[in-house]
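Everything below concerns the one structure shown next.
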Amino acid sequence: MIKKNFLAIIPARSGSIRLKNKNLLKFCNKPLISYSILEALKVNQIDEVIVSTNSKQIARISSRFGASVPFIRPDYLSNSNTPSYKVVTHAINHFKRNNIFFKNIILLQPTSPLRKAKHIREALKLFKNKRANGVISVTENDHPLEWINHIGCSLSLNKFIKKIYINQNSDQLKKCYKLNGAIYISNSNQLEKQKNFFLKKKLYAYKMEKKYSVDIDTKLDFEYAEFLKLKSKKK
């Protein structure tokens, strides 16, 4: 039996709906997925960086940038509605069958190309210092939670904002945060037992700046992230 500490998994299926082949799109002259691979490889605490994909093309390109691709993910785990924890547990079980056991996993979505190695290291430091079961990255939301609500078919804004908040400025309200999709760290056993990344105990938030937190889902997201990347290179 071989015991290891951290396995980084980059999930990259083919067949994205909103932005076709987004994981392979040229982002500042390199495939989008390459940024997550290259930054993960800079983190010494990570024992192995793998890409889980159902695409032989993605597998070839991922290998070229230094990631391991130990298997081709089966189609039944490659749908748009497949939960991330199932992709992760499939990878964990692959290694278990080869007598390799990872204590913790790190999920790094390839749609977060502005995430740096330093963010992964800081999240791992938080995970260690808190003796956590899990850490998830977040970023500050643009608007206070009190200004957000549902709108029905009538489009009515009656009771959209509670009266107590109507005349308050945003700086008078508490900051709120949203998931940015960049980093998920979890104890492997707890993830397999609870079947999601939102573990019931000892789960902590790692705060990231907005400029590193773009999660690419649409063409507009892609163009905005590329703009930020190019802007940072000019400094």
Side-chain angles (χ1 to χ4, degrees), residues 6-43 45-75 77-92 94-95 102 105-121 123-124 136-137 179-185 197 208 211-230 232-233:
F6 286 102
L7 171 66
I9 302 169
I10 301 171
R13 71 181 185 91
S14 62
S16 51
I17 297 170
R18 290 193 186 183
L19 190 58
K20 190 175 181 181
N21 297 322
K22 63 183 176 184
N23 293 315
L24 296 180
L25 287 179
K26 285 294 178 66
F27 181 85
C28 297
N29 297 319
K30 286 192 298 190
L32 183 66
I33 194 172
S34 68
Y35 291 86
S36 292
I37 294 170
L38 293 172
E39 294 303 312
L41 290 171
K42 294 176 185 177
V43 180
Q45 297 97 313
I46 295 175
D47 296 290
E48 189 159 356
V49 177
I50 73 163
V51 169
S52 171
T53 183
N54 62 328
S55 164
K56 291 182 179 179
Q57 184 182 11
I58 292 175
R60 284 195 301 271
I61 290 172
S62 298
S63 297
R64 197 172 78 210
F65 282 94
S68 171
V69 187
F71 53 80
I72 295 295
R73 196 199 313 170
D75 288 338
L77 288 175
S78 302
N79 300 314
S80 59
N81 59 354
T82 301
S84 294
Y85 86 87
K86 287 190 175 182
V87 174
V88 170
T89 53
H90 172 262
I92 292 171
H94 168 85
F95 284 100
F102 285 93
I105 65 92
I106 308 168
L107 182 70
L108 301 171
Q109 297 188 137
T111 48
S112 299
L114 305 182
R115 175 219 310 106
K116 298 289 188 184
K118 71 169 186 174
H119 300 124
I120 303 171
R121 291 190 197 101
L124 286 170
I136 298 176
S137 61
L179 305 178
N180 70 353
I183 302 169
Y184 294 83
I185 304 173
F197 283 93
M208 286 176 63
K211 64 182 179 179
Y212 299 111
S213 296
V214 181
D215 182 12
I216 294 174
D217 190 38
T218 65
K219 184 180 179 183
L220 184 60
D221 296 333
F222 188 94
E223 291 172 349
Y224 178 55
E226 198 166 42
F227 164 77
L228 290 176
K229 183 71 174 177
L230 292 170
S232 68
K233 285 183 176 181

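Only a predicted model underlies this, so the values are computations on that prediction, with no experimental measurement involved.
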With side chains defined as the heavy atoms from C-beta onward, is the minimum distance between I61 and S34 less than 4.5 Å? no
Side chain to side chain, V43 and I106, heavy atoms closer than 4.5 Å: no
F95 side chain reached by I50 side chain, heavy atoms, under 4.5 Å: yes
Do you know which two heavy atoms are closest between I72 and S55, and how far apart they sit? CD1-O, 4.2 Å
With a 4.5 Å cut-off on side-chain heavy atoms, are F197 and S84 touching? yes
Can you check whether A12's main-chain N or O pairs, donor with acceptor, with T53's side chain at less than 3.5 Å? yes
Here the pair of heavy atoms bringing R13 nearest to S78 is CD-O, 3.3 Å
Side chain to side chain, K30 and L38, heavy atoms closer than 4.5 Å: yes
Taking side-chain contact (heavy atoms from CB on, under 4.5 Å) as the definition, give me every residue that meets it alongside S137, ordered by chain and number, with sequence neighbours left out. N180, A182, I183, Y206, M208
List the steps, then state whether side chain to side chain contact (heavy atoms under 4.5 Å, CB included) holds for L114 with K229. CA-CA 7 Å; L114 305 182; K229 183 71 174 177; 3.9 Å; yes
Which atom of F65 lies closest to which atom of I37, heavy atoms considered: O-CG2, 3.4 Å
With a 3.5 Å distance limit and no angle check, can you tell me whether N23 reaches the backbone of S14 through a side-chain donor-acceptor pair? no
Hey, mind stepping through I46 and I120 against side chain to side chain contact (heavy atoms under 4.5 Å, CB included) and telling me if it holds? CA-CA 10 Å; I46 295 175; I120 303 171; 4.3 Å; yes
Under 3.5 Å: donor-acceptor pair, side chain of D215, backbone of S112: no
Supply the atom-to-atom distance L24 CG to I33 CD1, rounded to the nearest 0.5 angstrom. 7.0 Å
Indicate yes or no: at least one non-hydrogen side-chain atom of P11 is less than 4.5 angstrom from one of P110. yes
Measure from NZ or CZ of K116 to the centre of the six-membered ring of Y212, then state whether that distance is under 6.0 Å and the direction lies within 45° of the axis. no
Ring pair (Phe, Tyr, Trp, His ring centres under 6.0 Å) partners for F71, two or more places apart: H90, H94
Are any side-chain N or O atoms of R73 and backbone N or O atoms of L77, one a donor and one an acceptor, separated by less than 3.5 Å? yes
Taking the six-membered ring for Trp and the single ring otherwise, decide whether the centroids of F27 and F222 are under 6.0 Å apart. yes
Scanning both residues in full, the closest heavy-atom pair of L32 with T111 reads CD2-CA, 4.4 Å
Taking the basic N atoms (NZ, or NE/NH1/NH2) and the acidic carboxylate oxygens, is any pair closer than 4.0 Å for K42 and E39? yes
I'd like to know if the side chain of D221 pairs up with that of T218 as donor and acceptor (distance under 3.5 Å, no hydrogens or angles considered). yes
Test log, rule side chain to side chain contact (heavy atoms under 4.5 Å, CB included), inputs I92 and F102: CA-CA 7 Å; I92 292 171; F102 285 93; 5.9 Å; no
Heavy-atom closest pair (V51 atom, A67 atom, distance to 0.1 Å) is CG2-CB, 3.8 Å
Do S36 and Q109 make a side-chain contact, defined as non-hydrogen atoms from C-beta onward lying under 4.5 Å apart? no
Flag if over 12 foreign heavy atoms under 6.0 Å of CG, N81: yes
Kindly state each residue pair satisfying salt bridge (charged side-chain N to carboxylate O under 4.0 Å, His left out) with at least one member in residues 50-67, sequence neighbours excluded. none
P113 versus Y35, closest heavy-atom pair with distance: O-CB, 3.8 Å
